[in-house]
*Asks:* 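Input: one structure, supplied below.
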Amino acid sequence: MKINLREYLKLTFIYTALAAFPPLLQIFIRPVIEGEGRLSASEFSQLSITELIISLAFTIIMYSMNNAIARFHFDYHKDEESHKRMVSSIFNLMIIRGLILIGIVLVITPFIGKFFTQPELQNFRSYGIAAVITGFNRAIVLTAAALYRNEKKVGLFILLMLGWGLIRTFLQLVFLFKFDMSFTGYVNGNCLGSIIVSAIILVYIFKQTGFKYDRKILKPIIQFSRPLFHYGIIYWGITFIDRLFLESNPLELGIYDTAVGFAFGIQMILQGMQGATQPEIYEMMSEGIQKNLEGIKQLSNIMIAQSELLIAFMILPTMIYLNFFFETELTQASQLVGIIYVKFLLRSQFIIFSFPVFYQKKTKAFLYINILVLAASLLANYIFIPMFNAYGAIIAGMIAFFLQAIITYFYQKRIVSIPWNLNKLLYYPFMIVGLTIILEIVKIQFNINQFVIASIVTLIIFASVMILYKNDIKKRIKIKT
């Protein structure tokens with residue numbers, strides 16, 4: 001299968017920009033809602049814990065249906081009626097699961113707040129139900145996005161992501177400035193905005209597919225999704241458990257979460273890249289992996305190069321933005337940006353090496369891989385956060401992402417023989433991460449200006465890309481001339 005590189009890069013840009021738009025919009029409004037008479041660093045720590053709850057509810061309700069709808073689309077897309085039944089059944093299953101979870105949370109609400117030390121978080125009823133409903137709506141939105149992306153309905157994808165970003169952000173600001181300038185005002189505005197968007201999606205989808213619930217179709221989908229759901233819960237633990245360890249130190253958590261919030265924007269951009277790459281790779285794999293080895297390798301190399309360039313381009317602007325537009329202690333988050341951003345190179349490696357595993361439906365492996373990773377992450381958080389605070393959480397995250405990438409690589413190698421370019425996909429990304437860690441230690445030990453170190457990291461990444469891809473760049477230039 002020949003790759004239309006121009007079309008691929010166009011779709012990559014669209015999916016990347018639109019997937020990143022909602023979280024980036026959340027980042028850009030932070031200076032508007034932060035400062036004297038607005039939200040403080042400690043209230044941002046409370047928003048961090050709220051996001052932990054939203055993400056857990058989202059993971060439970062979605063049950064990895066975004067991955068399922070992406071994979072099973074290729075099994076059903078040639079039969080329109082069966083495809084409609086599949087789509088309708090998936091969304092009905094999520095609605096049922098969402099209603100059950102909301103009911104359970106209503107019953108146990110008085111007990112959940114006892115897990116936290118901050119008085120505002122102990123009053124779980126004031127924000128918890130809204131957080132769970134927001135997670136439910138996020139599951140609907142992102143599963144619909146996965147469907148439209150694989151159907152290549154670009155217009156619907158654009159409309160969905162723009163609407164989700166704009167509506168919920170508008171209502172967050174309305175609730176904060178008109179009703180309640182506190183973290184609960186933000187949460188309630190977010191909840192209402194997400195309800196409106198998901199309601200529109202469900203009406204549209206059921207109008208197109210009808211209201212169906214096919215147990216026969218759902219059985220293999222649930223079997224496919226179950227280990228991915230387990231993986232999702234474990235990944236939630238890997239991603240968010242550090243907030244629980246930092247919750248008793250609101251200032252430190254607020255600073256750390258601000259840096260991680262910007263990094264989440266990077267993660268969403270990477271997911272956009274994944275969204276553009278995954279349908280193309282699945283299509284090539286469906287035609288035969290060995291037949292399309294060169295195309296699979298080419299797209300994978302492009303994806304890791306895009307990740308490296310994105311991180312390199314974003315480090316310094318993010319640090320400048322934090323220093324110039326924030327007023328409170330949250331400006332200190334700029335110190336953490338470089339080391340946190342570079343961590344996502346490991347995440348890109350994991351995504352690339354997991355494509356063949358997903359396609360072969362060997363999803364059970366992710367359960368075992370990530371149980372090991374979660375155990376390592378919990379131990380690392382337990383050891384390092386009391387010693388190093390936010391840097392302890394970063395160390396734990398590095399360990400977790402490294403283990404995910406390297407174990408997935410070796411497992412994928414066992415089930416599918418793909419001769420990857422390991423310099424591009426494995427060794428150089430590891431080198432970038434390693435040098436960034438060393439430079440971060442040097443910065444702390446010798447009190448070197450953060451912008452000097454960030455500039456060196458950026459130059460290392462650009463130099464690596466130029467070394468690895470100089471021949472590809474020359475070929476493209478020759479073709480154009």
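Atoms considered below: every heavy atom in the structure, side chains included; atoms not considered: hydrogens, waters and symmetry mates. In this text the structure is predicted, and so the values were computed from the model without any measurement.
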*Asks:* Whether the side chain of Arg243 engages the backbone of Ser48 through a donor-acceptor N/O pair (distance < 3.5 Å, no angle test) should be reported.
*Replies:*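 A pair under 3.5 Å: no.
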*Asks:* Taking atom types as modelled, find out whether Ser334 and Tyr321 have a side-chain donor-acceptor pair closer than 3.5 angstrom.
*Replies:* no
*Asks:* May I have the step-by-step check of ring-ring contact (aromatic ring centres under 6.0 Å, His included) for Phe353 and Trp420, ending in yes or no?
*Replies:* CA-CA 10 Å; Phe353 296 136; Trp420 303 108; 5.8 Å; yes
*Asks:* When rounded to the nearest 0.5 angstrom, what is the spacing between CD1 in Ile69 and OG in Ser225?
*Replies:*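 Reported value, rounded in 0.5 Å steps: 10.0 Å.
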*Asks:* Okay, side chain of Asn66, backbone of Thr143: is any donor-acceptor separation there less than 3.5 Å?
*Replies:*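 Looks like no, no N/O pair under 3.5 Å.
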*Asks:* Do Ile418 and Lys297 have side chains that approach each other closer than 4.5 Å (heavy atoms only, starting at C-beta)?
*Replies:* yes
*Asks:* So, taking the atom named CD1 in Ile369 and the one named OG1 in Thr408, what distance separates them when rounded to the nearest 0.5 Å?
*Replies:*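 Rounded to the nearest 0.5 Å, the CD1-OG1 separation comes to 4.0 Å.
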*Asks:* In Å and rounded to the nearest 0.5 Å, what is the CG to CD1 distance from Leu374 to Ile234?
*Replies:*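 Those atoms lie 6.0 Å apart.
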*Asks:* Could you give me the CA-CA distance, side-chain angles and deciding distance for Leu160 and Lys153, then say whether side chain to side chain contact (heavy atoms under 4.5 Å, CB included) is met?
*Replies:* CA-CA 11 Å; Leu160 171 61; Lys153 293 181 178 178; over 6 Å; no
*Asks:* Does Lys443 use its side chain to pair, donor to acceptor, with the backbone of Gln335 at less than 3.5 Å?
*Replies:*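 Yes, because the side chain of Lys443 sits within donor-acceptor range (under 3.5 Å) of the backbone of Gln335.
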*Asks:* Asp257 vs Ile49, test: side chain to side chain contact (heavy atoms under 4.5 Å, CB included). Steps then yes/no.
*Replies:* CA-CA 10 Å; Asp257 186 68; Ile49 297 299; over 6 Å; no
*Asks:* Given Phe358 and Phe366, is the ring-ring contact (aromatic ring centres under 6.0 Å, His included) satisfied, shown in steps?
*Replies:* CA-CA 10 Å; Phe358 275 108; Phe366 291 117; 4.9 Å; yes
*Asks:* Using ring pair (Phe, Tyr, Trp, His ring centres under 6.0 Å) as the criterion, list what pairs up with Phe344, not counting sequence neighbours.
*Replies:*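 Phe401.
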*Asks:* Under the criterion side chain to side chain contact (heavy atoms under 4.5 Å, CB included), I'd like the reasoning laid out for Tyr341 against Phe262: C-alpha separation, chi angles, the key distance, then a yes or no.
*Replies:* CA-CA 9 Å; Tyr341 277 21; Phe262 278 85; 3.3 Å; yes
*Asks:* Does the side chain of Tyr391 pick up a donor-acceptor pair with the side chain of Glu440 at under 3.5 Å?
*Replies:* yes
*Asks:* Hey, does the Lys NZ or Arg CZ of Arg30 hover above the aromatic six-ring of Phe326, less than 6.0 Å from the centre and inside 45° of the axis?
*Replies:*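 Checked: cation-pi criterion not met.
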*Asks:* Side chain to side chain contact (heavy atoms under 4.5 Å, CB included), that's the test. Do Thr169 and Asn190 meet it? Break it down for me.
*Replies:* CA-CA 7 Å; Thr169 301; Asn190 190 13; over 6 Å; no
*Asks:* Any sub-3.5 Å donor-acceptor pair from Gln290's side-chain atoms to Ser417's backbone N or O?
*Replies:*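 Looks like yes, one N/O pair under 3.5 Å.
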*Asks:* For the CD1 atom of Ile27 and the OG1 atom of Thr318, what is their distance to the nearest 0.5 Å?
*Replies:*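 Reported value, rounded in 0.5 Å steps: 7.5 Å.
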*Asks:* Do the side-chain N and O atoms of Ser45 and Glu247 include a donor-acceptor pair separated by under 3.5 angstrom?
*Replies:*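 No, because no side-chain N or O of Ser45 sits under 3.5 Å from a partner of the opposite role on Glu247.
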*Asks:* Report yes or no: does Asp214 contribute a side-chain atom to a donor-acceptor pair with the main-chain N or O of Ile217 at less than 3.5 Å?
*Replies:* yes
*Asks:* Between the side chains of Asn301 and Tyr469, does any donor sit under 3.5 Å from an acceptor?
*Replies:* no
*Asks:* Is it true that Ser55 and Glu51 share a donor-acceptor pair across their side chains at a distance under 3.5 Å?
*Replies:*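 Note: Glu51 and Ser55 side chains meet the donor-acceptor criterion.
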*Asks:* Using a distance-only test with no angle check, is there a side-chain donor-acceptor pair under 3.5 angstrom linking Ser64 and Asn67?
*Replies:* yes
*Asks:* Using a cut-off of 6.0 Å, state whether more than 12 heavy atoms not belonging to Tyr368 lie near its atom OH.
*Replies:*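 It does not: Tyr368 OH has 12 such atoms or fewer within range.
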*Asks:* Does a sphere of radius 6.0 Å around CZ in Phe462 hold more than 12 heavy atoms from other residues, nucleotides or ligands, not counting ones at 6.0 Å or beyond?
*Replies:* yes
